[in-house]
Amino acid sequence: MPTREPARPHRRHVPVRVPARRRAVDVLAGLAALVVLVALVGGVPYALLMFVGPPLRPELLDLDVLTGNVGPSTIIAVLVLLVWLAWFQLFVCILVEVYAGVRRVGMPARVPLSGGMQFVANKLVSAVLLLFTAGAMVVPLAKLTPTPAAPPVTAVAYSAPLVEQTLEAPRTKKVYVVQPPHGRHHESLWEIAEKCLGDGRRYHEIYRLNQAKEQPDGSRLRMADLIRPGWVLDMPDDAKNVHVVPAGQPREQTLREHPGRVDVAPGSIAAEQRDQQEQKTPKREAEHRLPEQSADRPDQRAEQPPVIREAQGADLTDYLAGASLAAAGLLLVLARRRREQLWGRVFGRRIVRPRDDAAQAEVALRLGGDAPGARVLDVGLRHLGAELAAQRRTPPTVYGAHLSARTLDLWIHPADDDPPTPWTAVDGGQIWRLPAHEGRMLPDRRTSGAPYPGLVSIGTDAGGRVLIDLEAAQGLINVRGPQTTAALAALAVELATNLWSDRMSVTLVGFGEELTAIAPDRVRAVGSLAEVLPELEADAAPRAQVLTGRITGRPRRAHYLLSAVAPTHEEARRLALLARRDTAGYVVAGDVPHATWTLRINDDGTARIAELGFEVRAQLLPRRHYRALVDLFRTAGRLDGEAIPEPEPLAGLHRPAVEIRILGPVEIAGLPPLEEGRMELATEMLVHLATRQGGVHPVVLGGVLWPRGVQDMVRDAAIARVAEWLGPGRLLTDEAGRLRLGPEVRTDWALFRELVRRAQGDPSGRAVLLEKALGLVRGPLLTGRRPGGYAWLAADDLEYDVTATVADAAHRLCEIRLAQGQPDAAVAAVRAALLLAPDDEALWRDLLRATHATQDTVRLRAVVEGLTRRASSHPYGGGMAPETEALIEELLPTWRIHVVRESSA
């Protein structure tokens, strides 16, 4: 598959002031438009009255014209009436455009059957308004300015065309040249912000100024925590300790002219002092040989391991990890499928795990999934709908949304400066804004309706994710470009799995039949538009009625149609008429005339909706990535299971010098803590090395810990730091250069497996050994792992093996203790395993049997009630396995009565 070109930097849509000084041609155009408007509004009716008479001539007022013969005078009278009607239609178009421009109400209303005529009126009125509003602000309908601190601005006539002006470029700009590492220290955006801006927390300003801009080595800034020596970073205007260069100077020239450090004011950054101290400290020589650093190639990325190199070559990470909201929804649906898989897991086998591209697809989803952002969008919208319903207000039309780490913005029409708390109005009420910290504190409101289920991502800009509401177009949305199907597939996947929708159906035309494997309750696929048009026409419903029903608890099922098949002329006409009177959203490919919005996708992966002023890096799902997702979910639907690999025996059960504890909160016992900011990465490195019996090559390790790429020197410095932390002889390399941990370093998981292995061959001491093994379990696997880390677990056996092995050990011990007449010990064994594997319902059935054996009905009822509450409120979906319900019916026949009584109370 050909590699994808790097996306060009995206232009931010910010308000731009039109220069006060107008050119002569602009003044002449405005005066000419004014003369034409006066002639059309006043001159045309005057001429008609003078030369052809009033609209209704006497011939048309005579009732005999309906029954008598039609003469030439009657035909002339009809033609005169048609001319008057045409003028009146043009007059109405001009009034609508003038009203929208002068009152600044947003997009002008559409005059029926006046497409070309209203376009002419738009051009004339725009020219006149620009003649009289030299200092006005010209902005697109939805400004992509995610910075909440920006002062409110007022938009001028939206009836004017979307004018793109450019500010006069400053003559100079401030830049900072990233310096090479000193000792083990590498510069970061935080430290640069601390040195140049006085506050490390302002690093995101530097990131936004430089995101996706090409650097002298040809690479681009994609992640805030990954910068390279020799990069030239644009800096804010108030930056200090920087270079001042001409604004248009190429970065390569800046690097040649300013290769050294900037003179730093005394005491401006503590990191400089730390660098000097590290250079003075002699570095202990490790007793193993690490891979040599590529000093002569400091800017080359590390070679990736084969499976990761293949996945990155196909941009699996680039596409799937970039779709952060879709990734969050897909992971939630996937977790539900895995829970159902666990319902049918049999003793001695683990659930089937994905392989190859499917596994790498899950790695990418874990890397990019934005669960907090998806929750803010979901809860924020439901809260908004509930508050509007309480105030008996109809929800406004939302054209689009912008979700960043700091805010959720909704672009609404008509403008309203009185949103419900904690939402605030921005730009005169055209934007409703919810601060992210306020959204995170809102309680879950799953019982509240989802007012805007048609919001779906089209891509990202420099500040965050851009969404449009498919329903707001109130007409056809046309998708054009070479990657149309990939764009439609991305829309379909997010619609099928998003959290901010309740009752929804998505009809896919000409593609996506396999997506029913992901969301069979939401998605259906058909071969042609003719199959669904009659049904859609029969189910159409007015918009205001549907929006009100969603927030008052009487929702109508939302419906969206995505067609990769271009409609015929007749199908396009029927769809256009349907879209104007229905709440549903219609997205079609091909060259469709008179579409309300056109999403145009370019070869470089950028997408633009000119009608809204959106330009983003498109969210796409190419064919291979689509197939990888489908395979991932098909694997999650398999119930046959896989054999658990046999572990290699340990030499002994002695306590190791360094123990890596993963059966619960991740801990490193036997070593002093590292400095803040390095402990988490070093811990993940040790976990990965400790769970690889054959060792790991440094190149592979770099690809695992830095999935988006890392410099050789950064990777090798991190390995050297961990080697020094462990101490001599504990991080070794073999002849092939693979890294492995010495025998003095071991995981609690390795000890657990050894105890279970020995229990199988020792019937007399089996119970004691299994109890010792279960005593190592402290909670869910790797609790407290670093955010964004451990994505490699998705393509690894560890999670699957640990869950199945711990559950099987508890099952064995439970049977032994029940056979020995010790039901309390059996209960304790199962509860220990439930700390790590709470979704394995075989364990819950063991707990029910063991509790029933205690002959304590009150205790059994407490277990049943707890299991029922957990099943009904489970984040991955309610309900429990049929076998579990059948067992409860057998052991406690009256349980349903108690559950109903509990819920009523």
Side-chain angles (χ1 to χ4, degrees), residues 1-4 6 222-223 226 301-335 337-338 341 350-371 486 489-490 493-494 497 514-515 517-518 605 619-638 642 684-685 687-688 691-692 694 696-710 715 782 785 787-801:
M1 180 176 180
T3 57
R4 180 170 174 240
R222 300 293 187 190
M223 299 175 63
L226 185 58
R301 298 164 69 99
E303 181 184 357
Q304 302 295 334
V307 64
I308 295 180
R309 183 171 62 246
E310 181 183 1
Q312 289 189 344
D315 287 332
L316 273 169
T317 300
D318 189 27
Y319 284 103
L320 295 177
S324 57
L325 295 179
L330 286 163
L331 287 175
L332 183 61
V333 176
L334 184 63
R337 299 291 178 81
R338 295 266 169 80
Q341 272 187 301
R350 69 186 186 192
I351 62 175
V352 180
R353 81 165 183 87
R355 310 280 177 179
D356 302 325
D357 274 2
Q360 292 305 318
E362 187 175 350
V363 170
L365 294 179
R366 293 194 188 190
L367 281 172
D370 183 13
V493 167
E494 186 169 310
T497 59
E514 303 88 349
L515 288 182
I518 297 178
Q619 180 167 298
L620 304 171
L621 189 61
R623 181 178 297 275
R624 182 179 179 186
H625 312 75
Y626 168 84
R627 289 177 176 172
L629 282 182
V630 172
D631 289 345
L632 175 62
F633 278 84
R634 283 176 175 164
T635 302
R638 290 177 54 185
E642 296 177 331
E684 183 176 354
M685 184 183 298
V687 170
H688 188 78
T691 53
R692 296 296 177 282
V696 184
H697 194 279
V699 172
V700 178
L701 187 62
V704 167
L705 298 181
W706 293 275
R708 292 184 171 96
V710 67
R715 178 201 66 209
L782 291 167
R785 67 187 73 172
Y790 296 87
W792 51 270
L793 289 172
D796 193 85
D797 291 336
L798 185 63
E799 284 184 329
Y800 299 87
D801 289 349

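Values below: all heavy atoms of this structure, side chains included; hydrogens, waters and symmetry mates excluded. We number each residue from 1, following the sequence as shown.
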Exercise. May I ask you to decide whether E642 forms a salt bridge with R355, counting only side-chain N to carboxylate O separations under 4.0 Å?
Key: yes

Quiz prompt | Which atom of A364 lies closest to which atom of L320, heavy atoms considered | solution = CB-CB, 3.7 Å

Practice problem: Quickly, which of L705, V696, V704 forms a side-chain contact (heavy atoms from CB on, under 4.5 Å) with M685? Name it, please. | Solution: L705

Quiz prompt | Derivation and outcome, side chain to side chain contact (heavy atoms under 4.5 Å, CB included), residues F633 and L334 | solution = CA-CA 7 Å; F633 278 84; L334 184 63; 4.0 Å; yes

Quiz item: At what distance, to the nearest 0.5 angstrom, does CZ of R624 lie from CG of D631?
Solution: 11.0 Å

Quiz item: Does the distance from a Lys or Arg side-chain N to an Asp or Glu carboxylate O, for D797 and R353, drop under 4.0 Å?
Solution: yes

Exercise. Start with the C-alpha gap between R627 and E514, add the side-chain angles, then the distance that decides, and say whether side chain to side chain contact (heavy atoms under 4.5 Å, CB included) holds.
Key: CA-CA 9 Å; R627 289 177 176 172; E514 303 88 349; over 6 Å; no

Quiz item: Which atom pair, heavy atoms only, marks the closest approach of H688 to T691?
Solution: O-OG1, 3.2 Å

Exercise. Start with the C-alpha gap between L793 and R785, add the side-chain angles, then the distance that decides, and say whether side chain to side chain contact (heavy atoms under 4.5 Å, CB included) holds.
Key: CA-CA 12 Å; L793 289 172; R785 67 187 73 172; 3.4 Å; yes

Quiz prompt | Non-hydrogen atoms of P698 and R715 that approach each other most closely | solution = O-CD, 3.1 Å

Self-check item: Exam field: side chain Q341 to backbone T635, donor-acceptor pair closer than 3.5 Å
Solution: yes

Quiz item: Can you name the residues that form a side chain to side chain donor-acceptor pair (under 3.5 Å) with Y790, not counting sequence neighbours?
Solution: none

Practice problem: Please report the closest heavy-atom contact between G368 and A327, naming both atoms and the distance. | Solution: C-CB, 4.2 Å

Quiz item: Which atom names give the shortest non-hydrogen contact between Y800 and I351, and what distance separates them?
Solution: CD2-CG1, 3.6 Å

Exercise. Measure the CG-CG distance between D370 and L331 for me, rounded to the nearest 0.5 Å.
Key: 11.0 Å

Quiz item: Atom CG in L632, atom CZ in R337: separation rounded to 0.5 Å?
Solution: 10.0 Å

Quiz item: Does the side chain of L515 come within less than 4.5 Å of V493's, by heavy atoms?
Solution: yes

Exercise. State, to 0.1 Å, how close Y319 and L620 come at their nearest heavy-atom pair, and which atoms those are.
Key: CD2-O, 3.5 Å

Quiz item: L365 and L629: side chain to side chain contact (heavy atoms under 4.5 Å, CB included), yes or no, with the steps?
Solution: CA-CA 10 Å; L365 294 179; L629 282 182; 3.9 Å; yes

